[in-house]
Amino acid sequence: MNRPSLRESNSGHIFSTEKLIFGIGEISRMTGVSTRQLRYWETKGYINSKDRQDEQQQRVYGYATFLKVSGIKTMLDEGYTLAAASAQTDALIQEGLTLRNFVLDAYHGLEEINGRMMLDLGDFDDAGQLRLYAYVEDHHVHYQQVLVSKDRRQ
DNA sequence: GTTCTTACA
DNA sequence: TGTAAGGA
């Protein structure tokens, strides 16, 4: 009945980060956190490395861990203790994920209607006859309902 | 050359 | 937390 939102049509994400994997040295150089600290933080449970039953025993980190380390580093530089920096970063990341899901649920694409680019926000009513659009004018967001005939749905 | 664990200044 | 040692 409703055109799928981006979140539904992309299994939860537009950009895949699952192939972004780094070694401990890379994470260290990217964030400015020493390898010693990374290993220590892991024992404390602040960060996690992927399962490493590999040929050797080297740690492998994913994008999520990179974000976590970056966040901790930033807050550490601002004077937070390691525990507080970790907690604060977790909260920020959680907010970010929630916000991302909110946007992906709402966004159904861009569409030009009567010469104006409109943000498609999906069905406005349960019947699926009214669709909600938004556009920006003079830095203000305007909302507009559009009557949609069923034959033009895809 | 890098990473790993353990141990010590 | 940095650094050294001794292996992988």
Side-chain angles (χ1 to χ4, degrees), chain A residues 1-113 116-124 126 128 131-144 153-154:
Chain A
M1 59 179 229
N2 193 347
R3 266 192 278 170
S5 68
L6 279 184
R7 193 147 83 97
E8 294 169 297
S9 59
N10 288 280
S11 303
H13 53 260
I14 306 177
F15 306 107
S16 173
T17 57
E18 55 193 36
K19 288 185 178 177
L20 289 180
I21 56 178
F22 314 99
I24 193 171
E26 294 178 305
I27 292 289
S28 177
R29 288 190 292 274
M30 291 187 290
T31 62
V33 175
S34 70
T35 58
R36 173 80 163 89
Q37 285 176 299
L38 292 173
R39 296 189 187 98
Y40 176 69
W41 294 359
E42 187 173 327
T43 67
K44 287 294 184 179
Y46 296 131
I47 60 175
N48 295 302
S49 59
K50 296 181 177 297
D51 296 330
R52 44 171 174 146
Q53 309 159 340
D54 304 61
E55 328 94 35
Q56 305 190 357
Q57 50 187 11
Q58 301 188 356
R59 273 166 261 253
V60 176
Y61 300 99
Y63 183 68
T65 301
F66 162 68
L67 289 183
K68 181 70 186 289
V69 173
S70 297
I72 294 179
K73 169 62 173 174
T74 298
M75 313 216 76
L76 228 42
D77 291 342
E78 293 177 1
Y80 286 85
T81 63
L82 177 55
S86 176
Q88 280 283 84
T89 300
D90 282 340
L92 272 181
I93 288 177
Q94 198 52 246
E95 281 186 48
L97 291 175
T98 299
L99 178 58
R100 186 197 65 162
N101 286 337
F102 176 76
V103 172
L104 290 181
D105 274 337
Y107 182 73
H108 287 68
L110 288 173
E111 198 170 324
E112 184 173 330
I113 299 179
R116 165 179 274 151
M117 287 309 295
M118 307 283 279
L119 190 59
D120 186 351
L121 296 178
D123 286 342
F124 189 65
D126 292 332
R131 208 160 175 80
L132 181 63
Y133 288 86
Y135 62 93
V136 176
E137 191 173 82
D138 296 331
H139 305 295
H140 289 284
V141 180
H142 300 269
Y143 293 95
Q144 182 174 319
R153 310 189 138 278
Q154 305 178 18

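Since the model is a prediction, treat every value here as computed from it, not as a measurement. Each chain gets a letter, A, B and so on, in the order its sequence line appears, and its residues count up from 1.
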Rounded off to whole Å, could you give me the CD1-to-P distance for the A:I27 and B:dT3 pair?
11 Å
Using atom CH2 of A:W41 as one end and atom P of C:dT1 as the other, report the distance to the nearest whole Å.
6 Å
What is the distance from OH of A:Y61 to C1' of B:dT2, rounded to the nearest Å?
13 Å
Counter-base of B:dG1, judged by Watson-Crick or G-U geometry with both distances under 3.5 Å
none
Nearest-angstrom distance from the residue atom CZ of A:R39 to P of B:dT3:
8 Å
Send over the distance from A:I72 CD1 to C:dT1 P, rounded to a whole Å.
10 Å
A:L38 has an atom CG; how far is it from atom C1' of B:dT5, in whole Å?
16 Å
Quick one: does A:S28's side chain have a donor or acceptor within less than 3.5 Å of a partner on A:I24's backbone?
no
A:Y133 and side chain to side chain donor-acceptor pair (under 3.5 Å): which single residue from A:E111, A:H142, A:R116 fits?
A:E111
For C:dT3, does either OP1 or OP2 sit under 4.0 Å from a side-chain N or O belonging to A:R36?
no
Can a side chain N or O of A:S34 be found less than 4.0 Å away from OP1 or OP2 on C:dG2?
yes
With a 4.5 Å limit on heavy-atom distance, are the side chains of A:F22 and A:F66 in contact?
yes
Give a yes/no answer on whether the side chain of A:Q57 brings an N or O atom under 4.0 Å of OP1 or OP2 in B:dC4.
no
What is the distance, to the nearest angstrom, from the OH atom on A:Y40 to the P atom on C:dT3?
18 Å
When you check the side-chain N and O atoms of A:S86 and A:K68, is any donor under 3.5 Å from an acceptor?
yes
Separation of B:dT5 P from A:Q58 CD (nearest whole Å):
10 Å
